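First up is the structure itself, then whatever we jot down about it.
Here the structure is a predicted model, which is why all the values come from computation and not from measurement.
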Amino acid sequence: MTILIAVQKEEILRRTKEQLSRHSEDARILCFENSPQALAAARQEQIDVAFLDPDLPELNGLYLGQYLQDLNPLVNLIYLAESEKYGYEAMQQHASGYLTTPAAMEGIRREMDDLRYPESEKNKKRVFARTFGAFELFVDGKPVEFKYTKTKEIVAVLVNKRGSQTTNGEIIATLWEDDGDPARKASYLSNLRQDLQNTLMSLNLNGIILKQRGSLAIDAEKIECDLYDWLEKKKKSKYTYMGEYMSQYSWAEYMAAELDEISYSFDGRD
């Protein structure tokens, strides 16, 4: 667990860190007296819990909390305020807690024991890629709607590659098997990539797609996928391959043939 503290008063900052160090001995605790440094740190690693002073200078704690939610929708925001004046705004943000100082020190352990997003819940992955049968991408149990159907197919290609970087050329060759106009396809792919980015950002899923210059990859560690689980756990997987794989895409037939062979090899094995 990584905990961020952004409080302008040094004494409150010190006491908050002491309380958290006693409560969560294994936690990584990052301390800042201003918002820019706190935000820079949050862009480098995922923050699980943030204790924020609403009256921070430059960028107040409420705005900082919104930025942290944009980076990680499951961050637990706990405000340390001098009064209750920001309570309504914190409630609108669905903050995990709101404490007033200096008595706040007495409530820190209680708030940590009653987080809005406990660690046990956060281990559940929001994204599920179904590959057996027709391909579908689900977020929080609902199918994702892209502006273009080809955008969804790009995701299918990346899931099929299981985390390997896939070049723009490979994506174009897969999506459009005929020769056609290469320049037009490259332009269309640029639109599809933008649609993919916009859709995932709207769902607070930054980081699911790993981008390099001229290539894309799915972050296989951040999604649940029937294919991945089945290949890893074999017969012990909760998913069963029944001979159909991404059935709406002709290019997936090659992988389906491989899966058939793997399935046969499972016979008689644990």
Side-chain angles (χ1 to χ4, degrees), residues 1-10 12-80 90 93-97 108 111-112 115-127 139-140 158 162-166 193-194 196-224:
M1 174 186 291
T2 300
I3 303 173
L4 181 146
I5 309 172
V7 179
Q8 61 177 323
K9 292 188 176 180
E10 185 177 348
I12 298 297
L13 184 66
R14 181 186 62 78
R15 293 177 62 190
T16 301
K17 181 179 180 181
E18 288 177 354
Q19 290 285 339
L20 291 170
S21 297
R22 296 192 190 102
H23 179 276
S24 306
E25 295 180 0
D26 297 329
R28 173 170 160 75
I29 302 175
L30 309 177
C31 298
F32 304 95
E33 295 181 12
N34 63 74
S35 292
Q37 291 181 352
L39 184 56
R43 286 174 174 151
Q44 297 299 316
E45 60 181 291
Q46 180 172 294
I47 304 301
D48 300 298
V49 183
F51 285 83
L52 307 176
D53 176 359
D55 289 313
L56 283 168
E58 299 183 72
L59 179 69
N60 75 44
L62 292 166
Y63 283 117
L64 175 58
Q66 184 60 62
Y67 280 118
L68 295 181
Q69 287 181 323
D70 290 341
L71 292 170
N72 175 21
L74 299 182
V75 65
N76 294 283
L77 301 179
I78 301 172
Y79 288 100
L80 298 174
Q93 281 188 332
H94 303 288
S96 181
I108 287 177
E111 292 295 342
M112 287 297 295
L115 294 174
R116 184 180 186 88
Y117 303 110
E119 285 299 293
S120 59
E121 291 295 320
K122 291 169 71 174
N123 289 332
K124 297 179 181 178
K125 296 176 180 177
R126 296 180 61 211
V127 181
V139 174
D140 299 328
L158 300 181
R162 287 176 274 170
S164 299
Q165 284 288 331
T166 306
R193 288 184 56 149
Q194 189 62 52
L196 176 60
Q197 177 177 321
N198 292 343
T199 303
L200 295 181
M201 285 184 64
S202 71
L203 295 167
N204 291 316
L205 288 174
N206 297 331
I208 290 293
I209 300 297
L210 305 175
K211 294 182 289 186
Q212 293 184 4
R213 185 175 180 84
S215 68
L216 298 172
I218 194 85
D219 189 339
E221 297 298 321
K222 292 185 178 179
I223 70 170
E224 181 176 354

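For the atom pair CD (Gln8) and CG (Leu80), the distance works out to 12.0 Å, reported to the nearest 0.5 Å. The CG atom of Leu68 sits 9.5 Å away from atom CD of Gln93, with the distance rounded to the nearest 0.5 Å. One distance of note links CG of Leu71 with CD of Gln66; it measures 10.5 Å at 0.5 Å rounding. The CG atom of Leu158 sits 11.5 Å away from the CG atom of Asp219 when rounded to the nearest 0.5 Å. How far CD of Glu111 is from CG of Leu20: 11.0 Å, rounded to the nearest 0.5 Å. The structure places CD of Gln44 at 10.5 Å from CG of Leu39, a figure rounded to the nearest 0.5 Å.
Residues Leu216 and Ile209 are in side-chain contact: their nearest non-hydrogen atoms beyond the backbone lie under 4.5 Å apart. Counting heavy atoms from C-beta outward, Asn72 and Ile47 have side chains that stay 4.5 Å or more apart. In this structure the side chain of Leu77 never reaches within 4.5 angstrom of the side chain of Val49, judged on heavy atoms. Counting only heavy atoms from C-beta outward, the side chains of Leu52 and Ile78 never approach each other to under 4.5 Å. No side-chain heavy atom of Leu56 sits less than 4.5 Å from a side-chain heavy atom of Tyr63. A 4.5 Å side-chain heavy-atom check between Lys222 and Val127 finds every atom pair outside the cut-off. Contact of the Tyr79 side chain with the Leu62 side chain is registered, since non-hydrogen atoms from C-beta on lie closer than 4.5 Å. In this structure the side chain of Met1 reaches within 4.5 angstrom of the side chain of Met112, judged on heavy atoms.
Looking only at distances, a side-chain donor or acceptor of Asn76 sits under 3.5 Å from a matching main-chain atom of Tyr117. Under a 3.5 Å cut-off, the side chain of Ser202 and the backbone N or O of Thr199 do form a donor-acceptor pair.
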### Query
Going through the distances and angles, do Glu224 and Arg126 end up as a side chain to side chain contact (heavy atoms under 4.5 Å, CB included)?
CA-CA 8 Å; Glu224 181 176 354; Arg126 296 180 61 211; over 6 Å; no
### Query
Where do Asp48 and Val75 land on the side chain to side chain contact (heavy atoms under 4.5 Å, CB included) test, with the steps shown first?
CA-CA 5 Å; Asp48 300 298; Val75 65; over 6 Å; no
#### Entry: Residue pair Leu205, Val139: steps toward the side chain to side chain contact (heavy atoms under 4.5 Å, CB included) verdict
CA-CA 9 Å; Leu205 288 174; Val139 174; 3.5 Å; yes
### Query
Could you go step by step and tell me if Phe51 and Leu4 meet the side chain to side chain contact (heavy atoms under 4.5 Å, CB included) rule?
CA-CA 6 Å; Phe51 285 83; Leu4 181 146; over 6 Å; no
Please tabulate, one pair per line, all N/O donor-acceptor pairs under 3.5 Å involving side-chain atoms of residues 25-38, not counting sequence neighbours.
residue : atom : partner : partner atom : Å
Arg28   : NE   : Glu45   : OE1          : 3.2
Arg28   : NE   : Glu45   : OE2          : 3.2
Arg28   : NH2  : Glu45   : OE2          : 3.0
Asn34   : OD1  : Gln37   : N            : 3.0
Asn34   : ND2  : Gln37   : OE1          : 3.4
Ser35   : OG   : Leu59   : O            : 2.5

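Counting all heavy atoms, side chain and backbone alike, Arg193 lies closest to Gln212 at NH2-O, 4.4 Å. Nearest heavy atom pair, residue Thr16 against residue Ile12, reads OG1-O, 2.7 Å.
Residue pairs that meet the salt bridge (Lys or Arg N to Asp or Glu O under 4.0 Å) test with at least one member in residues 53-80, sequence neighbours left out, do not exist here.
Ion pairing between Arg14 and Glu10 fails under the 4.0 Å rule for side-chain N and carboxylate O.
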